[in-house]
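Before any comments, here is the structure.
Treat the numbers as computed from the prediction; the structure is a model and nothing was measured.
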Amino acid sequence: MKRRILIRNGALAGLGLLSQRCTPAAKVVTSTPISPLTPPQTEGPFFPNQEQNDLDADLTQVDSQEEKATGEQVIVRVHLTDSNGNPIEEAMFDIWQACASGRYNHSDDTSSAPLDPNFQYWARLYTNHQGFLQFKTIIPGSYPASSDWDRPPHIHFQISIAAEEKLTSQMYFDGHPLNDIDRILNKTKVEYGEEAANNLIVDFSQRNEDGIGVGDFHIVLGLTPATE
């Protein structure tokens, strides 16, 4: 396998036009600030660079195809609030990840791992009035970021509000042994605190009626609540 392109540090610029306007909910639901804020992490080298028609909330199946993606399915429930606990509605999420083999559907990913033709790889979703969105995907494979560093399974996300990028970070899977030695997670612990870094790790031990793991991912943005 060829060595992968090293992950960029602090990259926050995404591709594509962000045209949907949205605002935080105006009503303050609590006077006690929520802490800590969700920390930023690197965008990495594989933000989607190819157009695709299917950007819906089911990454386990490509539109018009019957086959399902390879890998263990999970459902991610995202709860987005500001620092005072107000839900943030109509926030745009770009969500992207590797498939079960650990490869991205990106022109710069030179891994010899196979692509999955039945996996969607990328979704673009919006929070509802409760600051909530949900998507189904598979646990991505780990992969070598360099000759001496394997990245744990993770999902990238970029949040934009009113066409302005607010946060780029990553979500991890509780219990994976590579979490403890991941350089990006450990750097986040140093820069933002252990609690903030640990909040990026989601527990999927809960199961729905179909036996699929379900995890709740709470994201807190440092926005000033709007007033009426």
Please check if [X] and [Y] belong to a single hydrophobic cluster, counting links between Ile, Leu, Val, Met, Phe, Trp and Tyr side chain heavy atoms closer than 4.5 Å.
X: Phe135; Y: Val62; answer: no
X: Ile139; Y: Ile184; answer: yes
X: Leu125; Y: Leu221; answer: yes
X: Val214; Y: Val76; answer: no
X: Leu59; Y: Phe204; answer: yes

Does the [X] side chain pair with the main chain of [Y], one donor and one acceptor, at a distance under 3.5 Å?
X: Thr127; Y: Glu90; result: yes
X: Tyr121; Y: Asp116; result: yes
X: Gln170; Y: Leu200; result: no
X: Gln120; Y: Asp56; result: yes
X: His79; Y: Gly131; result: no
X: Arg124; Y: Leu55; result: no
X: Thr60; Y: Lys68; result: no
X: Ser101; Y: Pro114; result: yes

Of all heavy-atom pairs between [X] and [Y], which one has the smallest distance, and what is that distance?
X: Leu80; Y: Ile159; answer: CD1-CD1, 4.1 Å
X: Asn208; Y: Ile75; answer: ND2-CD1, 3.4 Å
X: Gly71; Y: Ala100; answer: CA-CB, 4.1 Å
X: Asn179; Y: Pro152; answer: OD1-CB, 3.4 Å
X: Ser169; Y: Pro40; answer: OG-C, 3.9 Å
X: Asn199; Y: Pro36; answer: ND2-CD, 3.7 Å

Please report the interatomic distance [atom1]([X]) to [atom2]([Y]), rounded to the nearest 0.5 Å.
X: Leu185; Y: Tyr172; atom1: CG; atom2: OH; answer: 4.0 Å
X: Ile181; Y: His176; atom1: CD1; atom2: NE2; answer: 9.5 Å
X: Gln134; Y: Asn128; atom1: CD; atom2: CG; answer: 10.5 Å
X: Ile161; Y: Glu89; atom1: CD1; atom2: CD; answer: 10.5 Å
X: Met171; Y: Thr38; atom1: CE; atom2: OG1; answer: 12.5 Å
X: Arg77; Y: His218; atom1: CZ; atom2: NE2; answer: 8.5 Å

Worksheet item: Is the shortest side-chain N to carboxylate O distance from Lys166 to Asp82 below 4.0 Å?
Response: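 Salt bridge between Lys166 and Asp82, a charged N being under 4.0 Å from a carboxylate O: no.
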Is there a donor in the side chain of [X] and an acceptor in the side chain of [Y], or the other way round, less than 3.5 Å apart?
X: Asp182; Y: Trp149; value: yes
X: Thr188; Y: Gln41; value: yes
X: Ser111; Y: Asp109; value: no

Practice prompt. Show your working on side-chain contact (heavy atoms from CB on, under 4.5 Å) between Phe46 and Arg103 and close with a plain yes or no.
Written response: CA-CA 10 Å; Phe46 301 129; Arg103 185 173 176 181; over 6 Å; no
Any non-hydrogen side-chain atom of [X] less than 4.5 Å from a side-chain atom of [Y]?
X: Glu165; Y: Glu43; answer: no
X: Phe47; Y: Gln158; answer: yes
X: Val74; Y: Thr137; answer: yes
X: Trp122; Y: Asp94; answer: yes
X: Gln97; Y: Ile138; answer: yes
X: Glu72; Y: Pro153; answer: no

Item to complete: Go through the structure and list residues passing side chain to side chain donor-acceptor pair (under 3.5 Å) with Gln65, not counting sequence neighbours.
Response: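 Scan of Gln65 (side chain to side chain donor-acceptor pair (under 3.5 Å), adjacent residues dropped) gives Asn118.
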Item to complete: Check the pair Leu37, Ser83 against side-chain contact (heavy atoms from CB on, under 4.5 Å), reporting the backbone distance first and the verdict last.
Response: CA-CA 7 Å; Leu37 302 180; Ser83 58; 3.9 Å; yes
Practice prompt. Determine whether more than 12 heavy atoms belonging to other residues, nucleotides or ligands lie under 6.0 Å from atom CG of Asn53.
Written response: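 No, because the 6.0 Å sphere around CG of Asn53 holds 12 heavy atoms or fewer from other groups.
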Worksheet item: Considering residues, nucleotides and ligands other than Glu51, do more than 12 of their heavy atoms fall under 6.0 Å from its CD?
Response: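 12 or below, so no.
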Item to complete: Just say parallel, tilted or perpendicular for the rings of Tyr143 and His154, cut-offs at 30° and 60°.
Response: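 Rings of Tyr143 and His154: tilted, as their planes differ by 30° to 60°.
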Item to complete: May I have the step-by-step check of side-chain contact (heavy atoms from CB on, under 4.5 Å) for Ser142 and Arg151, ending in yes or no?
Response: CA-CA 6 Å; Ser142 59; Arg151 294 234 56 213; 5.9 Å; no
Worksheet item: Does the side-chain contact (heavy atoms from CB on, under 4.5 Å) test come out yes or no for Thr168 and His156, once each step is laid out?
Response: CA-CA 8 Å; Thr168 300; His156 298 264; over 6 Å; no
Discussion item. Please tell me whether Phe157 and Phe217 form a close aromatic pair, meaning their ring centres lie under 6.0 Å apart.
Written reply: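 Judged by ring-centre distance (under 6.0 Å), Phe157 and Phe217 do meet the cut-off.
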